[in-house]
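First listed ligand is number 1; within each ligand, the first listed atom is number 1. Values below: every heavy atom of this structure, side chains too, minus hydrogens, waters and symmetry copies.
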Amino acid sequence: MDSPTFTLKDGKFKILQLTDIHIGGCIFTRKEDKAALDGIKKVVDAVCPDLIAVTGDAVYPMVFYPKPFMSGTFNNLKSSKIFGSFMERLGIPWAMVFGNHDTEIWSRYNRDDLSAYYESLPNCLFRKGECFNNDRGNYDIRVLNENGELNTVLMFLDSNSYLGKTFFSGFDVISDEQINWYKDKINSYKTGDDTPRSLAFFHIPPKEFRDAWEKCYRGDKSVTYHLGFIQEKDNYVGYPKTKHGNFFEEMVDFGSCKGMFFGHDHLNTASLTYKGIRMTYGMSMDFLAYKGIKKRHGQRGGTLITLLEDGSFDLELFPLEDLDGTSYFSTKVDKPI
Ligand SMILES: [Fe+2]
């Protein structure tokens, strides 16, 4: 099947990154779910994107945290349907990848089940695509210039969930098979000597983001800070603690990937360039998954990526609190938890 293709309009293509929406989907989370979906609507109305890219954790079937039995439901298809039907009503093409929370070991539905649902939605470009182990949703979307030349390939990757079965085993990595798939896909679009440019969308940040942030913090000139903050406690970056998989370094060597966009750590919004790749935490939308998250607002919103005709891109943050001037749950904010 051919990859979906878009074309720049007036020299631009606007991609709105949304991440970590965390729809609970149960009777106890109706208020939080509504706040998250209303938030998306406000950001979308402000940005008017050509495409929406969701980088994982659309739903939150955690059930036990932060409040036992009040955080979500075992029925992660039901919460996915709440999210998916809302996204469809926006009438804008949208793509997504799974995060670690979309399916949990205790969830009633697995990644295959959710894939079948998302693939059935007319505006949703998600495809199960190439599957590797537990990963679902490795696929690409092409964006062309108005003259028909390839501008950028958008690569969507499932960064999987856990090394074991649950959160406590640590996070998984993008596998070697996925890296090879990425390179083969990009090479298949090659028409001359130049390697086509690409942007990668996935959920769990690479370890190298942490390395880059530490260097940036120390004033190391090899890292360029662009915008955003690291607000997780102790500068936490939830990267995989395993030596397997080497996605970032492989992408540096390969030379195609110019940007990586991820979520996972809801309070981080920083964007840094390191070794030629701009790594960006999308603004999250979560009202549910962290203790006290409802009272924090600086991290909540959307991240606009504007592709330009020369293949470069601009980035802009759209904090929800700047869009409506009011907050859903509190106006006292932004003290670290
Ligand atoms: Fe999340």
Side-chain angles (χ1 to χ4, degrees), residues 17-26 29 32-33 35-37 39-40 43 52-67 70-73 76 79-80 82-84 87 95-107 111 114 118 134-137 156-163 166-174 201-206 209-210 228-233 236-241 260-270 279-294 296-303 320 337:
Q17 183 195 5
L18 299 172
T19 198
D20 297 82
I21 295 89
H22 282 234
I23 298 300
C26 75
T29 63
E32 289 83 357
D33 294 348
L37 298 178
I40 291 177
V43 175
I52 300 171
V54 180
T55 48
D57 282 7
V59 303
Y60 187 66
M62 273 298 271
V63 185
F64 307 111
Y65 185 87
K67 290 181 191 168
M70 295 180 69
S71 311
T73 168
N76 54 337
S79 42
S80 297
I82 292 170
F83 176 68
M87 292 297 289
M96 61 160 290
V97 289
F98 290 125
N100 52 301
H101 286 312
D102 286 285
T103 56
E104 299 282 0
I105 189 70
W106 50 78
S107 302
R111 270 161 147 72
L114 298 194
Y118 285 118
N134 192 36
D135 306 322
R136 301 288 184 271
F156 291 82
L157 296 130
D158 184 339
S159 53
N160 206 348
S161 301
Y162 309 114
L163 291 167
T166 68
F167 184 85
F168 301 103
S169 58
F171 300 112
D172 207 351
V173 290
I174 292 171
F201 296 83
F202 51 94
H203 183 67
I204 297 173
F209 185 93
R210 171 74 192 206
F229 301 97
I230 298 295
Q231 297 185 111
E232 293 278 345
K233 195 176 176 193
Y236 177 76
V237 172
Y239 61 86
K241 308 283 194 303
M260 295 182 178
F261 299 88
F262 38 82
H264 190 51
D265 303 313
H266 304 183
L267 302 180
N268 293 345
T269 56
M279 292 184 280
T280 301
Y281 268 105
M283 299 197 88
S284 63
M285 195 55 78
D286 174 44
F287 280 91
L288 182 64
Y290 285 19
K291 274 182 188 160
I293 193 79
K294 285 188 280 193
R296 301 194 59 162
H297 306 289
Q299 78 289 345
R300 188 173 289 115
T303 304
L320 187 58
I337 294 168

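Taking the six-membered ring where tryptophan is involved, the planes of His266 and Tyr290 are essentially parallel, since the angle between them stays under 30° and well short of 60°.
The Fe ion (ligand 1) has Asp57 among its coordinating residues (N/O/S atom, backbone or side chain, under 2.8 Å).
Checked against the Fe ion (ligand 1), the N, O or S atom of His266 at the shortest distance is NE2.
Aromatic pair Tyr281/Phe262: ring centres closer than 6.0 Å.
Separating the CD1 atom in Ile23 from the CD1 atom in Ile82 is a distance of 7.0 Å, to the nearest 0.5 Å.
Rounding to 10 degrees, one finds that the Fe ion (ligand 1) sits at the corner of an angle of 110° between Asp20 OD2 and His22 NE2.
Tested against His264 for a side-chain hydrogen bond (donor to acceptor under 3.5 Å, both in side chains), the candidates Thr19, Thr55, Asn100 yield a single pass: Asn100.
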